[in-house]
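Quick notes on the structure that follows.
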Amino acid sequence: MTTMPSGLASYFETRSRKVEKALDSLLSRRSEEPNSLREAMRYSLFAGGKRLRPVLVIAAAECCGGMADQVLFTACAVEMIHTYSLIHDDLPAMDNDDLRRGKPTCHKVFGEAIAILAGDGLLTLAFELMAQQAKVSSKFDAPKSKIQNLKSKILHPSPSDCIEAIRVISSGAGIHGMVGGQVEDLKAEGIHINGNRQEAQKLLERIHRHKTAALISSCLEVGAVLMGASSKARAALKSYGQSIGLAFQIADDILDVIGDKKKMGKRGSDTKNKKLTYTALHGIEAARAQATLLVQKAHQALKSFGEKAAPLHDLAEYIITRDR
Ligand code: GRG
């Protein structure tokens, strides 16, 4: 296990700082919202997450010749969706976890009702934000001469690309992605390696392609979509995302067994919840080998991007060597 190499750490730091700042201003005090709701949303949003998904949106956009500012709304939106999923995942009706990122879970601090609503609030705010991006973009959908007179130096994604971006994120986060995968995961609790191993492996992969990899992969695809990239570039980034998404989950399963619980800020709960995991099914060494193969596949997918994809190559390596 290792911490992030310094080149990647400074890349991550600059991009995630932009995201932090934007999130902070998007969730600043507005008189019409109940205080407890905003506090609960902020509590989970600023509890020390790695900001992997928004950085992936930015890295994919940069890989297609764009800049962080052009995709910042969408980057913030995916972090909100990710945070809502963690709040709901920790609830007693799901994983029933008391700790997340070393802190009491949202429902432990604010109660179950507010935690559910904080998740709902983050999910809907994410879509408001992405729709807002389309609205801002349509203002800029004007003849070039007019654009030159505008103060903003940011070139906004086109309104139709913004709408396609909303579709891509909905698909990764919803019933065909994360939400669907979460349901399959809950149903699989208790199913174990005593049964048919091949069937179990197929089920496990289906769960995580949906629950974890779908949102991660849509973060990469959306970066390409917003930059109006070619369908080839879009497919390559999507494929990279599917591979690192699964590798990320395998690494998560390994950390759940052997990780430093202090660094991870949570207790491993997969064994307690009799979860079907890569480590339970194959053992740690075979799970590691599977993750390494997926990372090799991810590198392959980036071949056509050359140097621009350097941060994504480094990220793929980090995903399976991370310690939290
Ligand atoms: C409740 C609809 C719904 C979905 C929940 C994402 C998820 C589905 C559950 C989280 C459980 C879990 C541990 C999944 C494994 C992979 C994963 C998403 C880990 C957490 O993501 P990180 O490590 O989190 O990026 P940080 O804390 O860094 O933001």
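The chain is numbered in sequence order, starting from 1.
Side-chain contact of His88 with Gln182: a donor-acceptor pair under 3.5 Å is absent, judged by distance alone.
A distance-only check finds a donor-acceptor pair linking the side chain of His210 to the backbone of Arg206 [under 3.5 Å].
With sequence neighbours left out, the side-chain contact (heavy atoms from CB on, under 4.5 Å) criterion links Ala287 to Ile250, Ile254, Tyr278, Thr279. Glu317 is linked by a salt bridge (charged side-chain N to carboxylate O under 4.0 Å, His left out) to nothing, counting only residues two or more places apart in sequence or in another chain. Residues forming a side-chain contact (heavy atoms from CB on, under 4.5 Å) with Arg42 (at least two apart in sequence, or on another chain): Asp24, Leu27, Arg38, Phe46. Taking the salt bridge (charged side-chain N to carboxylate O under 4.0 Å, His left out) definition, one finds that Glu285 meets it with Arg288, sequence neighbours left out. For Asp90, the salt bridge (charged side-chain N to carboxylate O under 4.0 Å, His left out) partners at least two apart in sequence or on another chain are Arg100. Partners of Lys202 under the salt bridge (charged side-chain N to carboxylate O under 4.0 Å, His left out) rule, at least two apart in sequence or in another chain, are Glu199.
Considering only heavy atoms from C-beta on, Leu315 comes within 4.5 Å of Leu8 through its side chain. Counting heavy atoms from C-beta outward, Val222 and Ile166 have side chains that stay 4.5 Å or more apart. Looking only at side-chain heavy atoms (C-beta outward), Gln133 and His156 come within less than 4.5 Å of each other. Between Gln249 and Glu205 there is no side-chain heavy-atom pair separated by less than 4.5 Å.
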Distance-only check: which donor-acceptor pairs under 3.5 Å involve side-chain atoms of residues 107-132, not counting sequence neighbours?
residue, atom, partner, partner atom, Å
Thr124, OG1, Asp120, O, 2.8
Thr124, OG1, Gly121, O, 3.2

Counting only pairs under 3.5 Å, give me each side-chain donor-acceptor contact of residues 13-23, with atom names and distances, residues two or more places apart or in other chains.
residue, atom, partner, partner atom, Å
Glu13, OE2, Arg17, NE, 3.3
Glu13, OE2, Arg17, NH2, 3.0
Thr14, OG1, Ser10, O, 3.2
Thr14, OG1, Tyr11, O, 2.9
Arg15, NE, Glu62, OE2, 3.1
Arg15, NH2, Glu62, OE1, 3.4
Arg15, NH2, Glu62, OE2, 3.1
Ser16, OG, Phe12, O, 2.7
Lys18, NZ, Asp69, OD1, 3.2
Glu20, OE1, Arg51, NH2, 3.2
Glu20, OE2, Arg51, NE, 2.7
Glu20, OE2, Arg51, NH2, 3.4

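Other residues sharing a hydrophobic cluster with Leu86 under the 4.5 Å side-chain heavy-atom criterion for ILVMFWY residues do not exist; the residue is a singleton.
Residue pairs meeting the salt bridge (Lys or Arg N to Asp or Glu O under 4.0 Å) criterion with at least one partner in residues 169-179, sequence neighbours excluded, do not occur; the list is empty. Each salt bridge (Lys or Arg N to Asp or Glu O under 4.0 Å) pair with one or both residues in residues 289-314, not counting sequence neighbours, would appear here, but there are none. Within the structure, salt bridge (Lys or Arg N to Asp or Glu O under 4.0 Å) pairs that include any residue of residues 220-236 comprise Glu164-Arg234, Glu221-Arg234 (at least two apart or interchain).
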